[in-house]
Amino acid sequence: MTVATKASRAGGPPDLQQHFDATIAQDRRIEPRDWMPDGYRKTMIRQIAQHAHSEIIGMQPEGNWITRAPSLRRKAILLAKVQDEAGHGMYLYSAAETLGADRADLTSMLISGRQKYSSIFNYPTPSYADVGVIGWLVDGAAICNQVPLCRSSYGPYARAMVRICKEESFHQRQGYELLMTMMRGTAAQRAMVQESVERFWWPSLMMFGPPDDASPNTAQSMAWGVKRHTNDELRQRFVDMTVPQADRLGVTLPDDELRWNPERGHYDFGAVDWDEFKAVVAGHGPCNAQRVARRKSADDDGAWVREAAAAYAAKTARRETASREAGS
Amino acid sequence: MNGTAGVRSDWPLFEVFLRSKRGLNHVHVGSLHAADPQMALHHARDLYTRRNEGVSIWVVPATEITASSPDEKDPFFAPSGDKVYRHPTFYEIPDDVPHM
């Protein structure tokens, strides 16, 4: 339920803290009306909001291709995919609201830049192959990140993630299928796929966040059960999953140091450019300003619709009340 | 709900319950904002049943829900805690009694 009790936000007596700690220790779920430490509530709101914003902003890079999809089949698939991203954002905003966050506030914080979204969506999509590569690599990385979150200690978030993960699988498969189709095509089409992979490979690795020794919040998040694996563990898992898929597709991942390490039982890979990551997070990516401006214009342009619907609902409610009173 | 009221025309929050197929109960799946109950139903269809997840939807204004408080959890549910005789396993019946 989306009913937050104000009292539960204040620092609670020791037995409440104990009950919270015991629930986490037994790997049970925290639910909206349970007492929780302020830090946990703030962390969850920030994590869920950032995730929701990523889904909403994530509609834009691919949405640009809806009107230019090469066939009705591809267009229908892309529409369904982008609609899913909107849906994922809505599930997540709904989960954030169970913690006492206000949806309109969250939107304002996204537009004003006070809350972030995933840096990957600040890269442009100049080629149609990008639709396939985003499905394969970006949604593939998202699945790696999100599957463990189905066991998040915060119940509403975990339940939203279960729903989202089921749908992400379609996203990744449609992307890979699209790329396989292009790889069976002309030399020019194969070159488009390779070029797109080269642009998206490193930003996809950045999606897992900074390396563990530069991720100060990881320890607390793991203790609270809101994070189940470290950034580097998930990044390694993604590389291990993706290399054989790249081989099967026939593309070359742009990393000279990428090779199987039989001792570790994992692929070794080169260093991620964390300066680029920091710059994009700080707002200096290729499309940061454009993405936020687009979100703001959608919000501004939709204001009259929200107001009109609210006015209509109020008028209908008044009329129903009046006719009930006249009838009684 | 009223963080920026006046600036934005906020729609009220509705809780959504889905019957996934005939023969099953409606189950809470999440919430959404809508101007009125009819719009809430349409939004719930678009948001929660894009892949045939439901055959029936209930939407309820979140403010209309009365919930038990977690703070009074122990005393509130205590009446059922010490009545083990309400469970069939409380009764010992010899193994050779059939169909029991």
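A note on names: the letters A, B, ... follow the listed sequences, proteins ahead of strands, and every chain is numbered from 1.
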- request: Indicate yes or no: at least one non-hydrogen side-chain atom of B:R50 is less than 4.5 angstrom from one of A:E167.
  value: yes
task: Answer with side chain, backbone, both or neither: which region of A:E31 has an atom nearer than 4.5 Å to a non-hydrogen atom of chain B?
output: neither
- request: Flag the pair A:R163 / B:V29 as yes when at least one side-chain heavy-atom distance between them is below 4.5 Å, and no otherwise.
  value: yes
- request: Taking A:R33 for its side chain and B:S68 for its backbone only, find out whether a donor-acceptor pair lies under 3.5 Å.
  value: yes
Main-chain N/O of B:S31 paired with A:S94 side-chain donor or acceptor, under 3.5 Å: yes
Proximity breakdown for B:Q38 and chain A, heavy-atom pairs closer than 4.5 Å: neither
- prompt: Highest number of heavy-atom pairs under 4.5 Å with chain B: which of A:K166, A:Q83, A:H88?
  reply: A:Q83
- request: Could you walk me through whether B:L32 and A:M90 pass side chain to side chain contact (heavy atoms under 4.5 Å, CB included), step by step?
  value: CA-CA 7 Å; B:L32 49 76; A:M90 297 299 117; over 6 Å; no
message: Would you say that more than 12 heavy atoms from the other residues, nucleotides or ligands in this model lie under 6.0 Å from the CZ of B:R19, or not?
response: yes
- prompt: Has A:D300 got more than 12 heavy atoms of other residues, nucleotides or ligands less than 6.0 Å from its CG?
  reply: yes
What donor-acceptor contacts under 3.5 angstrom involve side-chain atoms of residues 309-318 of chain A, with partners at least two apart or in another chain?
from   : atom 1 : to     : atom 2 : distance (Å)
A:T316 : OG1    : A:Y312 : O      : 2.7

- request: Go through the atoms of B:L47 and report whether side chain, backbone, both or neither lie under 4.5 Å from a heavy atom of chain A.
  value: both
- line: Taken to the nearest 0.5 Å, the spacing of A:D84 CG from B:R51 CZ works out to 4.0 Å
